[in-house]
Amino acid sequence: MALKTELRNRSELWEAALQEIETLEALGLEAKAELKRKKEEARKEKRAAMQKRQMELKEQDRKEQEKKEQDKKEEGGGGGEEKEEEEPKKDEN
């Protein structure tokens with residue numbers, strides 16, 4: 001009688017252990033999938049941030065270029081005409 005009880009208890013422990021292993025494996029798979037999602041999300045956020053920064057730099061460059069062109073126009077007001085006069089002199093020499 002005691003032997004049957006001991007075997008039943010061991011069998012129940014074995015089944016409980018197997019059930020615990022299955023639960024842990026499922027949790028491990030869920031954690032792995034969550035980590036993969038988070039990595040992909042972080043990669044996308046990083047890519048978006050880099051693209052945003054590149055666009056900001058391009059916009060900054062464009063504004064600087066426009067400012068340089070505006071400064072040239074303001075500086076030279078009639079400068080373009082003077083250059084045209086100088087160029088024929090160079091051709092004559």
Side-chain angles (χ1 to χ4, degrees):
M1 196 76 162
L3 184 60
K4 285 184 179 181
T5 305
E6 188 177 331
L7 287 174
R8 190 178 310 126
N9 288 340
R10 285 185 182 185
S11 178
E12 288 173 359
L13 286 173
W14 180 257
E15 289 174 14
L18 286 176
Q19 197 170 29
E20 187 68 23
I21 290 170
E22 290 173 358
T23 302
L24 290 173
E25 286 176 342
L27 289 174
L29 291 174
E30 288 176 18
K32 185 176 179 180
E34 181 66 21
L35 179 62
K36 185 177 179 181
R37 282 191 294 270
K38 288 190 180 218
K39 280 183 175 181
E40 185 62 31
E41 184 179 312
R43 190 177 298 127
K44 286 179 182 178
E45 288 176 3
K46 183 178 178 181
R47 188 177 301 130
M50 287 174 50
Q51 288 175 344
K52 181 180 178 186
R53 181 65 179 145
Q54 286 176 344
M55 290 179 67
E56 289 172 351
L57 290 173
K58 285 180 182 179
E59 181 66 18
Q60 183 180 359
D61 288 345
R62 185 187 62 78
K63 286 180 180 179
E64 288 176 1
Q65 186 65 26
E66 286 177 356
K67 186 175 187 243
K68 286 180 183 178
E69 290 175 5
Q70 184 65 29
D71 289 347
K72 284 181 182 178
K73 287 180 183 177
E74 290 175 1
E75 250 180 42
E81 295 172 3
E82 292 176 10
K83 287 181 182 176
E84 290 177 13
E85 292 176 8
E86 291 177 10
E87 287 177 12
K89 291 179 183 177
K90 289 180 184 176
D91 289 339
E92 293 174 6
N93 288 333

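Nothing here was measured: the structure is a model prediction, and the numbers come from that model. Below, each value reflects all heavy atoms present in this structure, side chains not excepted, and no hydrogens, waters or symmetry copies.
- One distance of note links CD of E22 with CG of L18; it measures 6.5 Å at 0.5 Å rounding.
- Judged purely by atom type and a 3.5 angstrom limit, S11 has no side-chain atom pairing as donor or acceptor with the backbone of L7.
- Using modelled atom types and a 3.5 Å distance limit, the side chains of E74 and Q70 yield a donor-acceptor pair.
- Each of R10, K4, R8 was evaluated against E6; a single residue qualifies, R10, per the side chain to side chain contact (heavy atoms under 4.5 Å, CB included) test.
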Residue pair E40, R43: steps toward the side-chain contact (heavy atoms from CB on, under 4.5 Å) verdict: CA-CA 5 Å; E40 185 62 31; R43 190 177 298 127; 2.7 Å; yes
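- A salt bridge between E64 and K68 is absent, with no side-chain N of the basic residue lying under 4.0 Å from a carboxylate O of the acidic one.
- By the 6.0 Å contact criterion, CZ on R62 is enclosed, its count of non-hydrogen atoms from other residues, nucleotides or ligands being greater than 12.
- One finds the CD atom of Q54 at 11.5 Å from the CG atom of D61 (value rounded to the nearest 0.5 Å).
- A salt bridge is absent between E66 and K63; no separation between the charged side-chain nitrogens and carboxylate oxygens falls under 4.0 Å.
- A side chain to side chain contact (heavy atoms under 4.5 Å, CB included) with L35 is found for exactly one of K39, K32, R37, namely K39.
- A salt bridge does not link E41 to K38: none of the charged side-chain nitrogens sits closer than 4.0 Å to a carboxylate oxygen.
- The distance from the CG atom of L57 to the CZ atom of R53 is 4.0 Å, given to the nearest 0.5 Å.
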